[in-house]
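Presented below is the structure to which this report refers.
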Amino acid sequence: MYYDSLIFEISNKGRVGYSLPKSEFKSYNIPKNLLRATEANLPEVSELEAVRHYTNVSTKNFGVEKGFYPLGSCTMKYNPKINQDISNMSQFSLHPYAPMKSIQGILEIYYETQRILSELSGLHTFSLNPYAGAHGELAGLMIMRKYHMDRNDTKRTKVIVPDSAHGTNPASATVAGLISVEVKSNLDGTVNIESLKELLTDEIAGIMLTNPNTAGVFEKDILEIAKLVHDIGGLLYYDGANLNPILGLARPGDMGFDIMHINLHKTFSTPHGGGGPGSGPVGVVESLVKYLPSPVIKKQGEEYIIEDSNETSIGQVSHFYGNIGVVTKAYTYLLTVGKENMANIGRYSVLNANYIKESLKDDYLLPIKGICKHEFVFDGLIDKSHHVTTLDVAKRLLDYDVHPPTVYFPLTFKESLMIEPPETESKATIDDFIEVMRTVAEEARVTPDLVKGAPYNTVVKRLDEATAARKPIVKYSDLLK
Ligand SMILES: *Cc1c(COP(=O)(O)O)cnc(C)c1O
């Protein structure tokens, strides 16, 4: 139909989607040099055409609200609409320079969110200032650096990062002015203690860890690792993007971590992907509180206050308060789930992951046996005789209205297929997914070319991903060239 076209292609000269009364005002006295010489190239369509166009465009995208989205490392869970509605309330928008007395409500939300995150993580205080996970990492590493600098311990320039870490970890270390050094992982992604010991010198500022790691395995030696790193004067940074499976069950603070970030836009009710607003609160143990980025909200008697940014703080890492809307959603979510139910988030996401893992291990190669946490990795199909790759499987899943799992990450395996089914999915949905995965494995055996040619039912077929990344066509005018 015509509304499958670009909106410019359905444009008709003179067609309008509105009619306004003639303006009484003749001129706004806009200086000539600021007026455009030619008319803007805008599509001319009726209101109905515009509505149909955008409604159709919206259905061409894939999201958690359209189908199962088991993207490992990302916690793509459903976020209840009420949280969004509440954060949209006009009472929660504020002028950044509004006097503190007039914004006590939002400051209370900040204070309470800081407090609950501390309780869940076992770290003393949080700042909600960073915009994203990677931004929280950067803030955390700046704190780590400042801590050593303040002690005149200037030779600590290196941060240990496991080879299985998320790509943002070494990137954040570099941006924070530190050098990342890689520690080898065991096959299951846990830290190889012997390799770690070899790296522990007085040049080490600290270590960054994800626990459970990106292969969904809990670091059982974490207390020993913490002791080893602390003994040489280093600090431990916890990448909290994988907090979902341990919510209410285990706390990074109790494991010996000194600094961490939390992805509110993974764990606490903000959808992510597509570059939408996020929030990556950074939390620290008591001795590092003085370095936190401002604002940190405090309670003085009955009043909520922003403590004057002290000299020792790393400063502010985002504008004003950070992303208030994301914080408000997280707070609503934390209250609706409630303390007593928090641990069920972890339990159900772990149960879902193990159920899928065990159901599919006769078709897909399971390199790490045993119980996983919220996610796990297959190393492609077991039967590789037809050369059907993880990419082929991922593309074929699209034909069955399933978003593919994370592919080719972690780098530890050649054909990584990393599956994370969050707690918000029902058994029926998960059973459907298992069925689809088995069907694709069967197709790969019987009609491998069918899988290699997928997808067939999507708006665009198999993309030339290198060209799409290097020379993306993102404007209509580019298409006309
Ligand atoms: C998503 C993620 C990050 C980065 O978070 P962003 O908000 O995307 O910057 C860091 N570490 C892990 C393990 C993640 O999954």
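Quick note: numbers below take in every heavy atom, side chains included, and nothing from hydrogens, waters or symmetry partners. These numbers were taken from a predicted model, which means no experiment stands behind them. When a ligand or atom number is given, it counts from 1 through the structure's own listing order. The chain is numbered in sequence order, starting from 1.
Residue pairs meeting the side-chain hydrogen bond (donor to acceptor under 3.5 Å, both in side chains) criterion with at least one partner in residues 204-225, sequence neighbours excluded, do not occur; the list is empty. For residues 320-350, the pairs satisfying ring pair (Phe, Tyr, Trp, His ring centres under 6.0 Å) are Y97-F320, with sequence neighbours left out. Applying the salt bridge (charged side-chain N to carboxylate O under 4.0 Å, His left out) rule to pairs touching residues 237-252 yields R251-D254, sequence neighbours excluded.
Side-chain contact annotation: N186 with T190, donor-acceptor N/O pair under 3.5 Å present. H148 and D150 share no donor-acceptor pair across their side chains, judged by distance under 3.5 Å alone. Under 3.5 Å, the side chains of E358 and N354 contain no donor-acceptor pair of N or O atoms.
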Do any nitrogen or oxygen atoms of ligand 1 lie under 3.5 Å from a protein nitrogen or oxygen, and which ones?
residue	atom	partner	partner atom	Å
ligand 1	5 (O)	N263	ND2	3.1
ligand 1	7 (O)	G133	N	2.8
ligand 1	7 (O)	N263	ND2	3.2
ligand 1	7 (O)	H265	NE2	2.6
ligand 1	9 (O)	G133	N	3.4
ligand 1	9 (O)	A134	N	2.8
ligand 1	11 (N)	D239	OD1	3.2
ligand 1	11 (N)	D239	OD2	2.5
ligand 1	15 (O)	S73	O	2.6
ligand 1	15 (O)	S73	OG	2.7
ligand 1	15 (O)	K266	NZ	2.7

